[in-house]
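A quick write-up on the structure given underneath.
All values reported here derive from a predicted model rather than from experimental measurement. Residues take their numbers from the sequence shown, with the count starting at 1.
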Amino acid sequence: MQSVLGAGAAAAVPASLLSGCSVSSKAGTAASTGSPARQFSPSAEITFPKGFFWGAATASYQIEGAWNEDGKGESIWDRFVHTPGRIKNGDNGDVACDSYHRWREDIALLRAMNLTSYRFSLSWPRVQPSGAGAVNAKGVEYYSRLVDALLEARIRPFVTLYHWDLPQALDESGGWLNRDTAARFADYAQAVVQALGDRVTDWMLFNEPSVFTYSGYLEGTHAPGHKSILEFLRATHVVNLAQGEGFRALNATRPGVRVGTAFNMSACEPATGSDEDRLAAERAHAITNVWFIEPALRGRYPQAFTFLPETAMGIKSGDMEKTRAPLDFIGINLYYRTVIAAPGAMERATHTQEWLFPANMGGGHEGPITDIGWEVWPKSLHDIVMRITRDYKRPVIEITENGCAYNDRPDATGTIHDQRRIAYHRDYLAALAQAMSEGADVRGYHAWSLMDNFEWADGFSQRFGLAYVDYKTQKRTIKESGRWYAKVAAENRVTPKSE
Ligand code: FCB
């Protein structure tokens, strides 16, 4: 699933937003090179603001392993990967990158890359094995040690509470279809902030709520593997309630914490200039980019559907007050763009889904394609950052994920020459810098990922890391991209390709 807006965004930003911008470029801003995919290749050095966070991101299930150690409960992902046929090549995250035991090596990687922010997630069933009640002391100690070591290395711990590994026990009582899960989530948030909130100040409630509800409840490709549009819609409402409840729980327990969510986003471009395609693109923007932001910031659902099945979604009176959460920042995970066309009248008349949601969404095909099949389109990052800046009165933004899958392997000398990954990050950073120079308040950038890891339904077949992981030995090797990124972080600037 994927958002809207074309080139007009920048022009629509009021002039007052343009003052105080501190991104500077020695020769103007990022320049156009003609090719749409490359239009943000920097032609000159770009300097980021002092104190800008340079980071990398991971997620518990994708790196930790130790799936049943030290009292950890089963998660829906443990159950899903152990079900035959769900994951490419029958892979699973039982061991993954073994970070539960090798976290010191991971911190060494962050240090070697000069990073100042580490976005990682907590495994809910490691903290609360059955999703309710007392915490598992060993699980909490693991995260506590990690946080201490990060702080000692002067790296900000930037913590996601939920990156998809719901306790299996909660799924058995309905998971995200059960309103009670919102209350369980708030209890979990409270327990965690009680344990770590003396040292962790920056939190994300959810990672990509529209992906885990869509892929888990409609597409069926992620845990728990259901396929129902009504379940999907209902799950999104429970997650919106949980976002509100979780926000309040964190703030009540530790006033002064900074709380956001990492939303998956992508610029939604209409396939043609027709009114139908434009309207369809707006629907796509509503469901992909702001379905979990509008309830939080404005207490309402955006107009994605021809009609909102409120009863089927389980929306009760008073709920839209409960979903409110004045988030302290908007986290953006972005990889590509989405191109949207309106379905024809026949399609709308004969398919329930097209009738309810008349927008056919797909990836673009003009830019280079990464190994996972996603188009490289830096403009998408610029456009969505500007749209969010414009629509929500210049909120604080953190880029919580951005990266690419290229499966380059070590050469005879052990070097991993992943020049395409360097080009990807360089161009997306130039696009981001352009948005910042137009007034966006962006505080940090997190590459996905610190190291290669378990890529959900794709198993280990897709490598997104700045560091290579040899899964047989668990040896980590910083790729050429990781070395390049280390220089960017140390110098706080991105230089053109020739340098
Ligand atoms: C995002 C997920 C992250 C990772 C990247 C490639 O959708 O948040 O866990 O899988 O995609």
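Asn402 places no side-chain N or O within 3.5 Å of a backbone atom of Ala447 that could act as its donor or acceptor partner. A distance-only check finds no donor-acceptor pair linking the side chain of Asp441 to the backbone of Pro395 [under 3.5 Å]. Put simply, the side chain of Asn453 gets close to the backbone of Met451: a donor and an acceptor are under 3.5 Å apart. The backbone N or O of Gly175 lies less than 3.5 Å from a partner atom in the side chain of Thr181, making a donor-acceptor pair. The main-chain N or O of Gly55 is found under 3.5 Å from a side-chain atom of Tyr485 such that the two form a donor-acceptor pair. With hydrogens and angles ignored, the 3.5 Å screen pairs no side-chain donor or acceptor of Ser144 with any backbone N or O of Val140. Side-chain atoms of Ser121 come within 3.5 Å of backbone atoms of Ser60 as a donor-acceptor pair (strictly under, hydrogens ignored). Remark: side-chain polar atoms of Asp391 are not paired, donor with acceptor, to backbone N or O of Ile388 under 3.5 angstrom. With hydrogens and angles ignored, the 3.5 Å screen pairs no side-chain donor or acceptor of Asn333 with any backbone N or O of Met265. Without hydrogens or angle criteria, Asn251 side chain to Phe247 main chain gives a donor-acceptor distance under 3.5 Å.
The heavy-atom pair separating Glu45 from Thr47 by the smallest distance is OE2-OG1, 3.7 Å. Across all their heavy atoms, Trp448 and Ala59 have their closest contact at CH2-N, 3.7 Å. Of all heavy-atom pairs between Ala134 and Pro129, the closest is O-CD, 4.4 Å. Shortest non-hydrogen contact noted between Leu297 and Ala325 is CD2-O, 3.5 Å. The two residues Pro167 and Ser130 have their closest heavy-atom pair at CB-C, 4.0 Å. Between Met436 and Val442, the shortest heavy-atom contact is CE-O, 3.5 Å.
Counting only heavy atoms from C-beta outward, the side chains of Glu208 and Glu401 approach each other to under 4.5 Å. Put simply, the side chain of Val135 does not reach to within 4.5 Å of the side chain of Tyr188, judged on heavy atoms. Using a 4.5 Å heavy-atom cutoff, the side chains of Phe292 and Thr261 are not in contact. Looking only at side-chain heavy atoms (C-beta outward), Arg199 and Leu151 come within less than 4.5 Å of each other. Put simply, the side chain of Phe48 reaches to within 4.5 Å of the side chain of Val494, judged on heavy atoms. Using a 4.5 Å cut-off on side-chain heavy atoms (C-beta onward), Arg234 and His237 make no contact. Side-chain contact check for Asp452 versus Lys479: some heavy-atom pair is nearer than 4.5 Å. Residues His446 and Ser117 form a side-chain contact, since some pair of their non-hydrogen atoms from C-beta on lies under 4.5 Å apart.
Heavy-atom contacts from other residues, nucleotides or ligands closer than 6.0 Å to CD of Gln194 number more than 12. Summarising the local packing, CZ of Arg483 is surrounded by 12 or fewer heavy atoms from other residues, nucleotides or ligands at distances under 6.0 Å. Shown here is Arg111, whose CZ atom has no more than 12 heavy atoms of other residues, nucleotides or ligands within 6.0 Å.
Taken to the nearest 0.5 Å, the CG atom of Leu205 stands 11.5 Å off from the CD atom of Glu245. Within the model, atoms OG of Ser449 and CD1 of Ile63 stand 7.5 Å from one another, a figure rounded to the nearest 0.5 Å. Here the straight-line distance linking atom CG of Asn92 with atom CH2 of Trp77 works out to 11.5 Å at 0.5 Å rounding. If you take CG on Leu466 and NE2 on His425, they are separated by 5.0 Å, rounding to the nearest 0.5 Å. The line from CH2 of Trp456 to CH2 of Trp164 is 5.5 Å long, rounded to the nearest 0.5 Å. Rounding to the nearest 0.5 Å gives a distance of 11.5 Å between NZ of Lys72 and CG of Asp70.
In this structure, the side chain to side chain contact (heavy atoms under 4.5 Å, CB included) partners of Thr116, at least two apart in sequence or on a different chain, are Phe53, Trp54. Residues satisfying the side chain to side chain contact (heavy atoms under 4.5 Å, CB included) criterion with Ala486, sequence neighbours excluded, are Met113, Asn114.
Ring geometry for Tyr100 against Tyr142 counts as tilted: the plane angle lies between 30° and 60°, on a 0 to 90° scale. The aromatic rings of Tyr424 and Tyr428 sit parallel, their planes meeting at an angle under 30°, below the 60° perpendicular limit. Between Phe357 and Phe305, the ring planes lie tilted relative to each other; the angle falls in the 30° to 60° range.
Aromatic rings of Phe158 and Phe329 (six-membered ring for Trp) have centroids within the 6.0 Å cut-off, being under it. Checked against the 6.0 Å centroid threshold, His222 and Phe80 do not count as a close aromatic pair. Between His163 and Tyr61, the gap from one ring centroid to the other reaches at least 6.0 Å.
For the pairing with Trp176, the ring pair (Phe, Tyr, Trp, His ring centres under 6.0 Å) check across Phe206, Tyr217, Phe232 returns one residue only, Phe206. For the side-chain hydrogen bond (donor to acceptor under 3.5 Å, both in side chains) criterion with Asp202, the lone passing option out of Arg443, Arg119, Arg258 is Arg258.
The residues Asp165 and Arg79 are annotated as not salt-bridged, no charged nitrogen and carboxylate oxygen being separated by less than 4.0 angstrom. In this structure, Arg145 does not pair ionically with Asp148, as no charged nitrogen and carboxylate oxygen lie closer than 4.0 Å. Salt bridge Arg126/Glu64: present, at least one basic N to carboxylate O contact under 4.0 Å. The pair Asp98-Arg476 does not meet the salt-bridge criterion, since no charged nitrogen lies less than 4.0 angstrom from a carboxylate oxygen. A salt bridge is defined here as a Lys NZ or Arg NE, NH1 or NH2 lying under 4.0 Å from an Asp or Glu carboxylate O, and Asp180 with Arg184 meets this definition.
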Any chance you could lay out the side-chain hydrogen bond (donor to acceptor under 3.5 Å, both in side chains) test for Asn264 and Tyr335, step after step, and finish with the verdict? CA-CA 9 Å; Asn264 55 292; Tyr335 291 87; over 6 Å; no
Set out, in order, the CA-CA distance, both residues' side-chain angles and the distance that settles side-chain contact (heavy atoms from CB on, under 4.5 Å) for Leu432 and Tyr445, then state yes or no. CA-CA 9 Å; Leu432 181 65; Tyr445 175 86; 3.9 Å; yes
Steps toward side-chain contact (heavy atoms from CB on, under 4.5 Å) verdict (Phe263, Asn207): CA-CA 6 Å; Phe263 301 98; Asn207 180 67; over 6 Å; no
Between Thr236 and Tyr214, is a side-chain hydrogen bond (donor to acceptor under 3.5 Å, both in side chains) present by the stated rule, with each step listed? CA-CA 9 Å; Thr236 67; Tyr214 177 83; over 6 Å; no
For the pair Trp67 and His82, evaluate ring pair (Phe, Tyr, Trp, His ring centres under 6.0 Å) and give the outcome as yes or no after the intermediate values. CA-CA 12 Å; Trp67 76 282; His82 295 149; 4.6 Å; yes
Residue pair Arg248, Glu321: steps toward the salt bridge (charged side-chain N to carboxylate O under 4.0 Å, His left out) verdict: CA-CA 12 Å; Arg248 285 183 285 282; Glu321 277 310 305; over 6 Å; no
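Neither side chain, Glu398 nor Thr400, offers a donor N or O lying under 3.5 Å from an acceptor on the other.
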